[in-house]
Amino acid sequence: MARLTGKKFLITGASGFMGGDFARAFAREGADLVLTSRTLSKLETLAAELRRDHGCSVHCCAADMCKPEDVKRLAEFTWSAFDGIDGVLLSAQPENTFLGDILTTPDEQWAAQHDMLVWGPLRLLRDLAPKMMARGKGSIVTVISSTGLHPT
């Protein structure tokens, strides 16, 4: 019996290498999924693979975690897709994670990273966490690359 059968999860950054691997692992364990990233075509390709290989229910919603209106729409889409979810896996990553050194990297690059890695997830969780709490259950997991442990 798969450990996540009957559970519903949102995975951000699902078209990336980490997010895609997480989506495959969750589907293999029986979870139904909402997948998000900026590129709908990549999500739909992954969703078709997961449905074919694991028979799970998969919904796709393109959203940019840096845009508050996209995050709001994603939260609404996610909750309505399954009439609630059991968990959120935040694995969206910036396309260019290399910022250079602290003295020469422009503020705009730091701000873009911060929008995706901090403000986007915070806004999403402000919408989803109270609903999960009202249901009395839910898990939130944040994943980031090893770049923080091994900076350039």
Side-chain angles (χ1 to χ4, degrees), residues 2-99 107-148:
R3 295 179 287 178
L4 300 177
T5 298
K7 302 291 184 185
K8 319 297 187 213
F9 292 92
L10 165 63
I11 299 178
T12 70
S15 68
F17 72 94
M18 283 195 317
D21 285 348
F22 285 123
R24 288 178 187 92
F26 277 47
R28 190 171 39 253
E29 291 296 328
D32 294 320
L33 304 170
V34 173
L35 305 177
T36 190
S37 73
R38 290 178 295 241
T39 309
L40 186 60
S41 61
K42 290 180 181 179
L43 292 173
E44 289 173 340
T45 299
L46 177 59
E49 172 195 327
L50 299 177
R51 289 181 196 115
R52 179 193 70 231
D53 293 351
H54 305 290
C56 56
S57 178
V58 184
H59 299 274
C60 300
C61 182
D64 185 336
M65 293 295 287
C66 296
K67 296 180 179 177
E69 63 276 11
D70 278 18
V71 173
K72 181 75 169 169
R73 181 177 46 78
L74 172 61
E76 291 168 0
F77 177 89
T78 298
W79 198 260
S80 66
F82 295 118
D83 193 28
I85 58 169
D86 299 291
V88 179
L89 186 126
L90 300 159
S91 66
Q93 300 291 312
E95 287 178 357
N96 180 9
T97 58
F98 178 72
L99 288 175
D107 289 353
E108 297 78 26
Q109 280 184 276
W110 288 104
Q113 294 264 344
H114 204 248
D115 282 347
M116 175 167 282
L117 297 173
V118 177
W119 284 112
L122 177 63
R123 290 179 178 119
L124 182 64
L125 295 177
R126 279 184 186 157
D127 283 337
L128 293 176
K131 294 175 183 178
M132 292 165 57
M133 291 167 61
R135 293 178 72 202
K137 63 180 180 176
S139 298
I140 298 167
V141 177
T142 302
V143 178
I144 195 158
S145 74
S146 62
T147 304

Chemist: Give, for atom CE of Met18 and atom CD of Gln93, the distance between the pair rounded to the nearest 0.5 Å.
Modeler: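 Nearest 0.5 Å value for the CE-CD distance: 4.0 Å.
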Chemist: So do the side chains of Leu33 and Leu10 get within less than 4.5 Å of each other, counting heavy atoms only?
Modeler: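 No. Closest side-chain heavy atoms not under 4.5 Å.
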Chemist: Nearest heavy-atom pair of Arg73 and Ala62: which atoms, and what distance?
Modeler: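 Here Arg73 and Ala62 meet closest at NH2-O, 2.9 Å.
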Chemist: Without swapping roles, check the side chain of Thr36 against the backbone of Cys61 for a donor-acceptor pair under 3.5 Å.
Modeler: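 Yes, Thr36 side chain to Cys61 backbone: donor-acceptor pair under 3.5 Å.
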Chemist: For the side chain of Thr142 and the backbone of Leu90, is there at least one donor-acceptor N/O pair under 3.5 Å apart?
Modeler: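 No, because the side chain of Thr142 does not come within donor-acceptor range (under 3.5 Å) of the backbone of Leu90.
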Chemist: Checking the side chain of Thr78 only, and the main-chain atoms of Ala75 only, is there a donor and an acceptor separated by less than 3.5 Å?
Modeler: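 Looks like no, no N/O pair under 3.5 Å.
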Chemist: Step through the shown structure and confirm whether more than 12 heavy atoms of other residues, nucleotides or ligands are within 6.0 Å of CH2 on Trp79.
Modeler: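 Counting neighbours around CH2 of Trp79, more than 12 heavy atoms of other residues, nucleotides or ligands fall under 6.0 Å, so yes.
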Chemist: Under 3.5 Å, is there a donor-acceptor pair between the side chain of Arg135 and the main chain of Ile85?
Modeler: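 Between the backbone of Ile85 and the side chain of Arg135 there is a qualifying donor-acceptor contact (under 3.5 Å).
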Chemist: Test your reading of the model: is there a side-chain donor-acceptor pair from Asp70 to the backbone of Ala63, 3.5 Å cut-off?
Modeler: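 No; judged by distance alone, with no hydrogens or angles, the pair does not exist.
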Chemist: Return the minimal non-hydrogen interatomic distance between Ala92 and Leu117, and the atom names on each side.
Modeler: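 Reported closest heavy-atom pair: O-CD2, 3.6 Å.
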Chemist: Can you name the nearest heavy-atom pair linking Arg51 to His59, along with the distance?
Modeler: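 Closest pair (atom of Arg51, atom of His59, distance): NH2-N, 4.4 Å.
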Chemist: Indicate yes or no for a side-chain donor-acceptor contact from Ser91 to the backbone of Thr12 under 3.5 Å, with no hydrogens or angles considered.
Modeler: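 Indeed, once roles are kept as given, a pair shorter than 3.5 Å links the two residues.
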Chemist: Decide yes or no for Leu89 and Phe9: does some side-chain heavy atom of the first lie under 4.5 Å from some side-chain heavy atom of the second?
Modeler: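 The answer is no, as the side chains (C-beta and beyond) never meet within the 4.5 Å cut-off.
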Chemist: Please identify which of these residues, Lys8, Lys137, Lys131, meets the salt bridge (Lys or Arg N to Asp or Glu O under 4.0 Å) condition with Asp86.
Modeler: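 That would be Lys137.
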Chemist: Within the 4.5 Å heavy-atom criterion, are Leu50 and Arg28 side-chain neighbours or not?
Modeler: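 With C-beta onward as the side chain, the pair stays apart.
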Chemist: Do Met65 and Leu74 touch side chain to side chain, with heavy atoms closer than 4.5 Å?
Modeler: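 In short, these two side chains touch, coming nearer than 4.5 Å.
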Chemist: By the definition side-chain contact (heavy atoms from CB on, under 4.5 Å), identify the one residue from Leu43, Leu46, Asp64 that meets it with Ser37.
Modeler: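 Only match with Ser37 under side-chain contact (heavy atoms from CB on, under 4.5 Å): Leu43.
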Chemist: Do Glu29 side-chain atoms and Leu4 backbone N/O form a donor-acceptor pair below 3.5 Å?
Modeler: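 No, the answer is negative, given that no donor and acceptor are paired below the 3.5 Å cut-off.
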Chemist: Backbone N or O of Ser57 within a donor-acceptor pair of the Asp32 side chain at under 3.5 Å?
Modeler: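 Yes, because the side chain of Asp32 sits within donor-acceptor range (under 3.5 Å) of the backbone of Ser57.
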Chemist: Are any of the side-chain heavy atoms of Val34 and Phe82 separated by less than 4.5 Å?
Modeler: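 Yes - at least one pair of side-chain heavy atoms lies under 4.5 Å apart.
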Chemist: Please round to the nearest 0.5 Å and tell me the distance separating atom NE2 of His114 and atom SG of Cys66.
Modeler: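 It is 11.5 Å, given to the nearest 0.5 Å.
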Chemist: Working to the nearest 0.5 angstrom, can you tell me the gap between Ile11 CD1 and Asp21 CG?
Modeler: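 These two atoms lie 10.5 Å from each other.
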Chemist: Give a yes or no on whether a salt bridge exists between Arg24 and Glu49, defined as a side-chain N under 4.0 angstrom from a carboxylate O.
Modeler: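 The answer is yes: the pair qualifies as a salt bridge.
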Chemist: How many angstroms lie between atom CD of Glu76 and atom CG of Asp127, to the nearest 0.5 angstrom?
Modeler: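 One finds 7.0 Å between CD of Glu76 and CG of Asp127.
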Chemist: Enter the distance from Lys67:NZ to Arg38:CZ here, rounded to the nearest 0.5 Å.
Modeler: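 Separation between the atoms: 9.5 Å.
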